[in-house]
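Notes to accompany the following structure.
Every number for a ligand or one of its atoms is a count from 1 in the order of the listing.
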Amino acid sequence: MTNTKDSDLKYNEALKKKIEKLKIKRNAVIIAHNYQRDEIQEIADISGDSLALSQAAVRTDADVIIFCGVQFMAESASILNPDKLVLLPVMEAGCPLADMITPEKLRAKKIEYPGAAIVCYVNSSAEVKAESDIACTSSNAVQVVRALKEKDIIFVPDKNLGRYVQSQVPDKNIILWDGFCPTHIRVQEEDIVKTKDAHPEAEVIAHPECNPAVLALADHICSTGGMFKYVKESRSKEFIISTESGMLYKLQKENPGKKFYLPTSHLVCANMKLITLGWVAHSLENMVYEIKVSDEVREKAKRALDRMLAVTGEKQGAALAGY
Ligand code: 13P
């Protein structure tokens, strides 16, 4: 008799084969965020941080993009690729941070601060992007804000990332929005202290969505993509990773001789984990769930994303092969 673990493995292997066949049939590319389940990252053609995924979406020559991430990420891919079919395997995979701002509330804020530039973190809806001057991700937020001529910047919706940007660009006046990531704020200062006590040689790497007390204890602050680069280049052998648990899959795979610790077991984004192999197969088989933005909103939101990609040096709309 096979045990549950064996039968789970067999089930997953069968699903992976099915996904591979369907991917060829549909001329699809699977892109996955670094917070996805291990087995999803394993089958992905491209995995990365929000910026890398937006860039990949611009470059792909596949007809269908299976986006393993959350709604705002798939929406960005669709905005940048109006001629491609962008599918999110689980429609309910949302982002509570993105839901902490509405276009109406942002319009009201703009009236309060006439002349301020609006910078929106990509963790926002297409409608909020459409109201913004430029988008940013956690890997380019500082670069984006520095590139603006305006001194006053309304930064939405993540207050922790906004505060971090303010610390790096003191000559700007950053007006914060009261939004936060419910996963990152679960890390408390004490969690870092406790983990560091247990592993005194470990470097602390934190995502800028963590609260300021946690960031103050970090040796390095960066996006999920930046963490891979930092760990690879660091001489340290141990790291405390203050971001969502999905990061450990690729960190461990790419750095077999190094050790990684989470400061708390609560660093799990339930929305990211909604996507399973079964749902990816379902998505490819039934061509669901399509993410589409109205032309009016799309054109305005695309301007904000294109401006961001221009700041990072990405060719806009370039359909390069290789993905
Ligand atoms: P990254 O851009 O660092 O991957 O962050 C995405 C995100 O949603 C963090 O919560």
Side-chain angles (χ1 to χ4, degrees), residues 31-37 40-41 44 46-58 67-77 80 88 93-101 119-125 128-129 134-145 155-165 168 177 179-187 205-211 214-215 218 220-231 241-251 262-264 266-275 305 308-309 311-312 314:
I31 58 187
H33 188 265
N34 293 324
Y35 294 161
Q36 287 289 293
R37 290 170 184 269
I40 298 292
Q41 295 193 48
I46 303 152
S47 62
D49 66 8
S50 306
L51 178 63
L53 299 186
S54 292
Q55 289 168 328
V58 171
F67 209 110
C68 300
V70 290
Q71 279 161 13
F72 76 82
M73 296 180 175
E75 234 178 33
S76 294
L80 293 167
L88 182 66
C95 171
L97 167 60
D99 294 340
M100 290 179 190
I101 182 165
V119 178
C120 73
Y121 189 29
V122 283
N123 300 40
S124 54
S125 67
V128 166
K129 289 186 180 79
I134 187 164
C136 73
T137 70
S138 56
S139 65
N140 61 22
V142 171
Q143 200 186 352
V144 162
V145 168
F155 191 96
V156 301
D158 190 291
K159 64 180 171 193
N160 289 327
L161 178 61
R163 279 194 195 116
Y164 171 68
V165 172
Q168 302 300 301
W177 194 267
F180 58 89
C181 164
T183 303
H184 282 96
I185 62 142
R186 284 180 207 148
V187 190
I205 311 183
H207 194 278
E209 287 179 23
C210 293
N211 71 50
V214 167
L215 295 184
H220 190 64
I221 299 166
C222 59
S223 70
T224 59
M227 290 185 187
F228 293 111
K229 189 169 180 289
Y230 185 81
V231 164
I241 304 294
S242 191
T243 194
E244 213 274 346
S245 58
M247 277 297 291
L248 264 55
Y249 167 75
K250 214 162 68 178
L251 279 172
L262 290 170
T264 155
H266 300 294
L267 273 164
V268 180
C269 171
N271 283 282
M272 284 281 179
K273 301 314 193 226
L274 285 174
I275 296 175
L305 286 168
M308 170 188 84
L309 293 174
V311 168
T312 59
E314 182 70 11

Exercise. Mind checking whether Tyr35 and His184 have parallel, tilted or perpendicular rings, split at 30° and 60°?
Worked result: tilted

Exercise. Would you call Glu209 and Lys159 a salt bridge, taking side-chain N to carboxylate O under 4.0 Å as the test?
Worked result: no

Can a non-hydrogen atom of [X] be found less than 4.0 Å from any atom of ligand 1?
X      : result
His33  : yes
Ser138 : yes
Asn34  : no

For this session: Give a yes or no on whether the backbone of Ser50 and the side-chain of Thr137 come within a donor-acceptor separation of less than 3.5 Å.
Result: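 No, the answer is negative, given that no donor and acceptor are paired below the 3.5 Å cut-off.
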
Exercise. Judged by atom type as modelled, is there a donor-acceptor pair below 3.5 Å linking the side chain of Arg163 to the main-chain atoms of Asp158?
Worked result: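 Checking the backbone N and O of Asp158 against the side chain of Arg163, no donor-acceptor pair under 3.5 Å is found.
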
Which atoms of ligand 1 have any heavy atom of [X] under 4.0 Å away?
X      : result
Tyr35  : 7 (C), 9 (C), 10 (O)
Thr224 : 1 (P), 3 (O), 4 (O)
Asn123 : 7 (C), 8 (O)
Asp49  : 1 (P), 2 (O), 4 (O)

Exercise. What do you reckon, does Ser223 have a nitrogen or oxygen under 3.5 Å from a nitrogen or oxygen of ligand 1?
Worked result: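 Between Ser223 and ligand 1 (N or O atoms, distance only) the closest approach is not under 3.5 Å.
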
Problem set entry | N or O pair under 3.5 Å between Glu209 and ligand 1 |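 Min N/O separation from ligand 1 is below 3.5 Å for Glu209.
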
Which pair of heavy atoms, one from [X] and one from [Y], lies closest together, and at what distance?
X      : Y      : value
Cys222 : Pro208 : O-CD, 3.3 Å
Val214 : Ala206 : CG1-CB, 4.5 Å
Leu88  : Phe67  : CD1-O, 3.4 Å
Leu262 : Ser245 : CD1-CB, 3.6 Å

Problem set entry | Part of His207 with heavy atoms under 4.0 Å of ligand 1, whether side chain, backbone, both or neither | side chain

For this session: Just let me know how Leu97 lines up against ligand 1, side chain, backbone, both or neither, with a heavy-atom cut-off below 4.0 Å.
Result: neither

For this session: Considering heavy atoms of the protein only, find what lies nearest to atom 6 (C) of ligand 1 and give residue, atom and distance to 0.1 Å.
Result: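 So the nearest neighbour among protein heavy atoms is Ser50 OG, 3.2 Å.
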
